[in-house]
Student: 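This structure is in structure tokens; I'll ask about it shortly.
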Amino acid sequence: MKFLIVFVALFALAVAAPAEVEVVRQLLDVQPDGYKEETVLSDGTSSQSEGVLTKAGTEQESLVVKGSYSFVADDGVTYSVSYIADENGFQPQGAHLPVV
């Protein structure tokens, strides 16, 4: 289910992009125990992630996702974020993000 949410979010990002932005590369490998994806758009936006199913078949079953994305903002600066999403929530890191 979590994979579906991630996939739909990435699909929505690609669809919501302005018409002049094209998908340069998109790879998706879905397996029963996880997935890998990579998307590169012509405007410099990119994302990569890998999800692994942990504790399969138990009540603690979860999807651990590690990934990154980058984009060029309106100010011309490229912003990059790496993240882990697991039982502790979404944990982003980036030079432009505050450290808590």
Side-chain angles (χ1 to χ4, degrees):
M1 185 63 172
K2 291 178 184 177
F3 167 75
L4 180 61
I5 293 169
V6 171
F7 181 74
V8 169
L10 290 172
F11 181 76
L13 176 66
V15 170
E20 65 271 0
V21 176
E22 297 179 7
V23 176
V24 175
R25 181 174 59 242
Q26 189 168 36
L27 306 170
L28 182 60
D29 179 21
V30 179
Q31 301 295 323
D33 59 348
Y35 77 94
K36 291 182 183 179
E37 72 80 24
E38 178 181 359
T39 303
V40 177
L41 303 180
S42 62
D43 68 352
T45 300
S46 65
S47 71
Q48 306 82 32
S49 67
E50 181 174 354
V52 177
L53 186 64
T54 62
K55 301 176 186 172
T58 70
E59 288 188 22
Q60 293 80 31
E61 180 175 286
S62 64
L63 187 64
V64 175
V65 178
K66 295 179 182 179
S68 63
Y69 60 90
S70 63
F71 61 95
V72 179
D74 292 338
D75 60 6
V77 176
T78 299
Y79 293 93
S80 297
V81 176
S82 60
Y83 63 88
I84 296 175
D86 59 14
E87 65 274 1
N88 297 312
F90 181 69
Q91 305 156 58
Q93 294 181 343
H96 63 288
L97 297 176
V99 177
V100 179

Student: Counting N and O atoms only, with roles assigned by atom type, does the side chain of S49 sit under 3.5 Å from a partner on the main chain of G67, one being a donor and the other an acceptor?
Tutor: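 Here the side-chain-to-backbone pair does not exist.
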Student: Scan for side-chain hydrogen bond (donor to acceptor under 3.5 Å, both in side chains) pairs involving residues 88-99, sequence neighbours excluded, and state none if there are none.
Tutor: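 Applying side-chain hydrogen bond (donor to acceptor under 3.5 Å, both in side chains) to every pair that reaches into residues 88-99, excluding sequence neighbours, yields D86-Q91.
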Student: State, to 0.1 Å, how close L53 and P32 come at their nearest heavy-atom pair, and which atoms those are.
Tutor: CD2-O, 3.9 Å
Student: Same cluster or not: are L28 and V64 linked, directly or through other Ile, Leu, Val, Met, Phe, Trp or Tyr residues, by side-chain heavy atoms under 4.5 angstrom apart?
Tutor: no
Student: Are L63 and Y35 close enough that some pair of their side-chain heavy atoms sits under 4.5 Å apart?
Tutor: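 Side-chain contact under 4.5 Å: yes.
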Student: Quick one: pull up CD in E37 and CD in Q26 and give me the separation to the nearest 0.5 Å.
Tutor: 7.5 Å
Student: With heavy-atom distances below 4.5 Å as the criterion, would you say the side chains of V24 and L41 are in contact?
Tutor: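 V24 does not reach L41 side chain to side chain.
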Student: Honestly curious: do Y79 and V81 fall in one hydrophobic cluster under the side-chain, below-4.5 Å linking rule?
Tutor: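 In one cluster: yes.
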Student: Would V52 and L27 show up in the same hydrophobic cluster when neighbours are defined by side-chain heavy atoms closer than 4.5 Å?
Tutor: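 No, because V52 and L27 fall into different hydrophobic clusters, even though each may have its own neighbours under 4.5 Å.
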Student: Could you tell me whether D75 atom CG has more than 12 heavy atoms of other residues or ligands within 6.0 Å of it?
Tutor: yes
Student: Quick one: do V72 and V77 end up in the same hydrophobic cluster if we chain Ile, Leu, Val, Met, Phe, Trp and Tyr together by side-chain heavy atoms under 4.5 Å apart?
Tutor: no
Student: List the atom of A56, the atom of E61, and the distance in Å for their closest heavy-atom pair.
Tutor: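 Smallest heavy-atom distance, with atoms named: CA-OE1, 3.4 Å.
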Student: Please evaluate residues Y83 and V65 with respect to the criterion side chain to side chain contact (heavy atoms under 4.5 Å, CB included), reporting the C-alpha separation (whole Å), side-chain torsions for both, the decisive distance (0.1 Å), and the verdict.
Tutor: CA-CA 8 Å; Y83 63 88; V65 178; 3.9 Å; yes
Student: Would you indicate whether the side-chain heavy atoms of S62 and K55 approach each other to under 4.5 Å?
Tutor: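 No - every pair of side-chain heavy atoms lies 4.5 Å or more apart.
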Student: Rounded to the nearest 0.5 Å, what separates atom CD in E38 from atom OG in S68?
Tutor: 9.0 Å
Student: Mind listing the closest non-hydrogen atom pair of S70 and S80 along with its distance?
Tutor: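 Looking at all heavy atoms of both residues, the closest pair is CB-OG, 3.4 Å.
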Student: With rounding to the nearest 0.5 Å, note down the distance linking OG1 in T39 to OH in Y69.
Tutor: 14.0 Å
